[in-house]
Amino acid sequence: MNDREVLKERYELVMNRVRMIFQEKFSDNTLKAYFDFCAEFLLMIDDTAAFLAEDGLRKADLEELERRNHALYADILPEHYEESYGNPAAAVRKLGADRGCLLSALYAELRSLIGFVYEGRTEELVIRMELFVEVYAAFACAEECGDALPSGNDIRDIFYWFACDYAEMAARRRTREQLCPEACFALPLIMESDLRDIRYLYGYGEYVGENERETAAFLAGLPEETIAAMADTYTEGYRIGFEITGRDLSKKKAVALYYRLGFERMMRRAVENFAGMGLEPVAFRSAYSVLDFRGASRGRSGFCGGIPNMQYDYDHKDDRAVFFDRNYVNRRLEAGRAAYEENRKAAAEYAGPAVVETFGEKDFHPITKKEAFQLSGEQNRLWVEYRAKAGQLQREYIPEEETSFTIIAFPVPEIGPVFKELFHEIIRINTLDYMLYRNVQQTLIDALDTADYCEVRGMNGNRTDLKINLYKLSDPARETIFENCVADVNIPVGEVFTSPVLKGTNGVLHVSRVYLRGLEYRNLAITFEDGMIRDYSCDNFSSEEENRRFIQENILARHDTLPMGEFAIGTNTAAYVAARRLGVEGKLPILIAEKMGPHFAVGDTCYSHAEEVRVYNPDGKEIVAKANEVSALRDSRPMEAYYNCHMDITIPYDELGELTAVRKDGTRIPLIREGRFVLPGCEELNNAFKS
């Protein structure tokens, strides 16, 4: 019997066992209801598998596809979530504190089967169905024998060994689909679908909501030249990223596409453009299961549909706490190395990600639930260590100095009635005059290169009061501190940035409201002492403890502190004015918002792991401020040199009272005053405000 036949037999056996659950009696009606519900969901997965095998995607009408898609996600939609087993609070209320959270995590793991069934990954289906049946059998056996029912620890043990046993499978699958074009599930959907018929959206198995349907319909109606402008800006930025850093694109074979469902028409043109560069796409699903650290990062990764319920994702972001210990970390790292060895050639030919971000979704205010899993202090430290070692392993096979990237962003219809106008504004902003900004930004850099430090102060309620110490040039004729960043890898145009000197960088960074990777922060304040975060606060929650945990998990990436890795001045006043006029400034992603005022990144520098690569501005000067006192440890103590995170925080122009460069002799050079550029030669940047 070959592997395929064995899998088929295992699948049939486990599904037969699932069907028997409905006929079996349980004295505990609450547990009976839970297991029946999960079994019902698995029957829906089985029905979906049969539907797909019978070419249902092609034969079904739109109404049936919508019905099936909704049925798969209905249970966790906001209107049903209060009673869902996917809600840890509801599961604990129904099933008890000892077992409820674990059984909620088990149900969340079963929900990963939706993606696997659409991709035809039978083994992934089987192992999770067998996990469920193993947990059920433990209860059924105890019930039959009159023994005590399994405790939370018993369920945890089953989950733990499941994670350990299949760590290698998860690492191999994830590595292959991230590197190998032949594993690209999404490519036929992009290249072969009739994109005028939105039925194609239902071929992914992702949640399809109004954003996805309306975006696809909107792009289907755009002129070909508009689609070309969108895609060409995106792919050309990617190509230029290799060119300006002197990296050899001809050695590369694969580019990773990160995008939201509905953008396939743009992605089709992009795939054709990348083919002209000798690149084939890889596009993987953004999240599968707890073995993929579901919820650990829902940001720039793979393709994704709508998020049916952000609170559900938030509630399960730490489910890995069930099994995350030192033994598992070692197992996962070993499995990761084996997976990279197996795909060594593909890793060497991987060029990097090309990201299409979206923005404009309704505000999300997360609720921290005591019933949801949270990593312990030791697990937090272990997670930081794991990320550092996993990043080090990846760079061993995919050196960062040999890859590049590009990022571009567009709104989704949920942003409201301004969607269409804003979409065209974003296209305009993404294609602003490259040379105008390059020349004005060079004027800023020429002034900044003479400075010892910069001072930044807020206004209109903004409490920012910062001194940023700058790198000291030894050869000003040939060297520069700031990079002149125009529209290449980081679209749109509009910033100059540097890696500040940490010692002597002090003060408070404050913003009244900012969105960072989909999460809103209110009255965010971060205090720096010699460039390191000393304190932080926000007003999201009623308790200081919750606010600090929220920042520590999501901005500090679970570290105790981070350095100020970047100081930048955004120059894209056109984007700022358009956002204010349309009332969407609070919705913009950091990719655009960072160009709309000075911004500061906490974490690694922009040159992380590529400090030795020589980089030059258009005027021919070499950028030399690429490291700081932390990344300087990269040779002697590499595990202490990087934090493997980088989060930008922008002070908008209307909250910026003063940005001044100060020379060694005390001479002050005002750059921005009360939200307007005042340095001679930068007047053109204020024209957008006048219009």
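Note that this is a predicted model, so its numbers are computed, not measured. For reference, positions follow the sequence shown, starting with 1. Side-chain atoms are counted along with the backbone in the values below, which use heavy atoms only and exclude waters and symmetry mates.
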What I want to check is whether the side chains of Ser537 and Asn547 have a donor and an acceptor closer together than 3.5 Å.
no
So does Arg522 pair up with Glu520, basic N to acidic O under 4.0 Å? yes
Distance flag, aromatic centroids of Phe410 and Phe359, threshold under 6.0 Å: no
For the ring pair Tyr536 and Phe528, is the centre-to-centre distance below 6.0 Å? no
Residues Tyr515 and Arg513: side-chain donor-acceptor under 3.5 angstrom
yes
Working for side chain to side chain donor-acceptor pair (under 3.5 Å), residues Asn211 and Glu414
CA-CA 6 Å; Asn211 278 328; Glu414 195 174 335; 2.6 Å; yes
On a heavy-atom basis, the closest approach of Arg174 and Glu177 is NH1-OE2, 2.5 Å
With Phe423 as partner, the option from Ile415, Val418, Leu219 fulfilling side-chain contact (heavy atoms from CB on, under 4.5 Å) is Leu219
Heavy-atom closest pair (Leu65 atom, Tyr202 atom, distance to 0.1 Å) is O-CD2, 3.6 Å
- request: Could you verify whether a donor N or O on one side chain and an acceptor N or O on the other, from Glu655 and His510, lie under 3.5 Å apart?
  value: no
- Task: May I ask you to test the Leu466-Phe600 pair for a side-chain heavy-atom distance under 4.5 Å?
- Result: yes
Quiz prompt | pair Leu72-Arg68: side-chain heavy atoms closer than 4.5 Å | solution = no
Determine whether the side chains of Asn273 and Asp232 contain a donor N or O and an acceptor N or O closer than 3.5 Å.
-> yes
Can the ring centroids of Phe419 and Phe218 be said to lie less than 6.0 angstrom from one another? yes
Nearest heavy-atom contact between Glu264 and Ile190 is O-CG2, 4.0 Å
Residues passing the ring pair (Phe, Tyr, Trp, His ring centres under 6.0 Å) test with Tyr204, sequence neighbours excluded, are Phe303
For Tyr107 and Asn87, test the side chains for any donor-to-acceptor distance below 3.5 angstrom and give the result as yes or no.
-> no
Do the side chains of Lys587 and Asp363 get close enough for a salt bridge, i.e. N-O under 4.0 angstrom? yes
